[in-house]
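Structure first, commentary second.
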Amino acid sequence: MALVGSGSAVPSTRLSNEALSTRVDTSDDWIRSRTGIGARRIAGPHEGLTQLASEAAQACLDQAGWRADQVDLIVLATSSPDDLFGTAPRIQAALGASNAVAFDLTAACSGFLFALITAGQYLAGGTMQRALVIGADQLSRWVDWDDRRTCVLFGDGAGAVAVEACPAEHTGLLAFRMRSDGSRNACLTLAQTHTHTPLLEGVTAQRGGFAPIQMNGQEVYKFAVREVPAVLADLLDTTGISADQLDWLLLHQANQRILDAVADRFAVPHGRVLSNLAHYGNTSAATIPLMLDEAVRDGRVQPGHLLASSGFGAGLSWGGALLRWRGPGGRGC
Ligand code: COA
């Protein structure tokens, strides 16, 4: 598959560390020094995930130069859908992508990468030509705003990438890995809660809801700095590509210290590590396409550039991919 377009959208409301510190017992200095985060965007009551993701997807269609009715597949990676039955069909309708099949995929902060790889398999199978892969989350609706250990980390956003079928020798998905370890699931959860709802004698139903995000920060940190370098090293070994051939590291934006640790492991200069944590914090499934779109639009990522990408987070789940950006109107497919 070839990566031919990108788009993104964030809510207009910006919540700085300073402003957050007036509500929670924290400080700009603590948050910046531990995470690199300076602010995050927060969706308002009328800014649902469908709207944000559709805006990102439309910008992506425009950049790729596609009409909505040319799209065969829409995969939405999210852990915070507007509708647990699926939000991707709402996006399909909002775009007018009447020929596309649309479904959600959940793998937390690895979700976008898993969705991109999933779309790649459909395109490689030959039955589909064009796919929109969207990563979008609104975890501001699911954090406990009184828990300073988690609420400072997350923000809302959406990003999308347009991919099209392509001969294998021109693929922009050079190699990938996907991993899960459910035995460590308790490290990071947004788990269902249920309350007893007696129906009849001997029959009690459970009414569902969700508890706010719970996280063991130190365990998640250790997991990320161990597994992300390992999966990227495996990809580089397999492909025979060396770290100095990479134009960019495009990692899930969770923590600047994690980004720096991964860069140091491969001796990649910090200037070649894409980061927008200072502006948006951790937008979960949205971070990778949001970051990619920013770097494509400001000209840092150019056609032909090679990117090593990794997503990691709840599940626990993690993965990596070596990607070559083609951009709109490129040759080779
Ligand atoms: N402001 C001020 N103090 C805070 C704070 C905040 N927002 N959050 C925690 N603290 C305090 C703790 O209460 C603790 O105080 P104590 O020593 O008096 O008990 C102290 O800071 C250290 O807490 P700790 O949890 O050990 O901090 P840390 O150095 O591990 O940093 C994280 C916390 C969350 C920044 C870090 O663990 C991390 O980045 N983990 C990875 C998280 C992540 O990326 N999650 C998403 C994955 S997709």
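Indexing begins at 1, ligand by ligand and atom by atom, following the structure's order. We're numbering straight along the sequence, starting at 1.
- Close contacts of ligand 1 with C109, meaning ligand atoms under 4.0 Å from a residue heavy atom, involve 48 (S).
- At a distance under 4.0 Å, a protein heavy atom can be found next to atom 35 (C) of ligand 1.
- With 3.5 Å as the limit, one finds no donor-acceptor pair spanning the side chains of N255 and R34.
- Atoms of ligand 1 lying under 4.0 Å from at least one heavy atom of V152, given by number and element, are 7 (N).
- Residue E227 forms a salt bridge (Lys or Arg N to Asp or Glu O under 4.0 Å) with just one option from K222, R177, R184, and that option is R184.
- Between R300 and D247, none of the side-chain N atoms (NZ, or NE/NH1/NH2) sits under 4.0 Å from a carboxylate O, so this pair counts as no salt bridge.
- Ranking the protein heavy atoms by distance from atom 30 (O) of ligand 1 puts Q218 CG, 3.3 Å first.
- Both tests pass for R257 against the ring of Y221: distance under 6.0 Å to the centre and angle within 45° of the axis.
- Protein heavy atoms are absent from the space less than 4.0 angstrom from atom 14 (C) of ligand 1.
- Within 6.0 Å of atom OH in Y122, 12 or fewer heavy atoms from other residues, nucleotides or ligands are found, so the atom counts as exposed in its surroundings.
- In the vicinity of H252, heavy-atom distances shorter than 4.0 Å reach the ligand 1 atoms 48 (S).
- The heavy atom nearest to atom 37 (O) of ligand 1, considering only S317, G217, S21, S27, is found in G217.
- Set against the non-hydrogen atoms of N282, the atoms of ligand 1 under 4.0 Å away are 46 (C), 48 (S).
- Among F154, F223, W30, F312, the residue whose heavy atom lies closest to atom 31 (O) of ligand 1 is W30.
- For atom 47 (C) of ligand 1, the closest heavy atom belonging to the protein is V220 CG1, 3.6 Å.
- Atom CD of E169 sits in a crowded spot, with more than 12 heavy atoms from other residues, nucleotides or ligands closer than 6.0 Å.
- More than 12 heavy-atom neighbours from other residues, nucleotides or ligands sit within 6.0 angstrom of CZ on R226.
- Of the protein's non-hydrogen atoms, T26 OG1, 2.7 Å is the one closest to atom 1 (N) of ligand 1.
- Of the heavy atoms in N255, only side-chain atoms (C-beta onward) come closer than 4.0 Å to ligand 1.
- For atom 18 (O) of ligand 1, no protein heavy-atom neighbour is present inside the 4.0 Å cut-off.
- Close approach of ligand 1 to G313 (heavy-atom distance below 4.0 Å) involves ligand atoms 48 (S).
- Within the 4.0 Å cut-off (strictly below), a protein heavy atom is located near atom 44 (O) of ligand 1.
- The heavy atom nearest to atom 29 (O) of ligand 1, out of those in K222, Q253, R34, is found in R34.
- Classified by interplanar angle (parallel below 30°, tilted 30° to 60°, perpendicular above 60°), the ring pair F210/W142 is perpendicular.
- A donor-acceptor contact closer than 3.5 angstrom is absent between the side chains of D82 and T87.
- No side-chain N or O of H196 forms a donor-acceptor pair with one of T204 less than 3.5 Å apart.
- Looking at E294 and N276, their side chains do bring a donor and an acceptor atom within 3.5 Å of each other.
- Taking atom 7 (N) of ligand 1 as the reference point, the nearest protein heavy-atom neighbour is R148 O, 2.9 Å.
- Contact annotation for atom 23 (O) of ligand 1: protein absent (non-hydrogen atoms, distance under 4.0 Å).
- How far CG of L153 is from CD of Q253: 13.5 Å, rounded to the nearest 0.5 Å.
- Only the side chain of T35 comes within 4.0 Å of ligand 1, counting heavy atoms alone; its backbone N, CA, C and O stay farther away.
- Close approach to A254 involves these atoms of ligand 1, each under 4.0 Å from a residue heavy atom: 44 (O).
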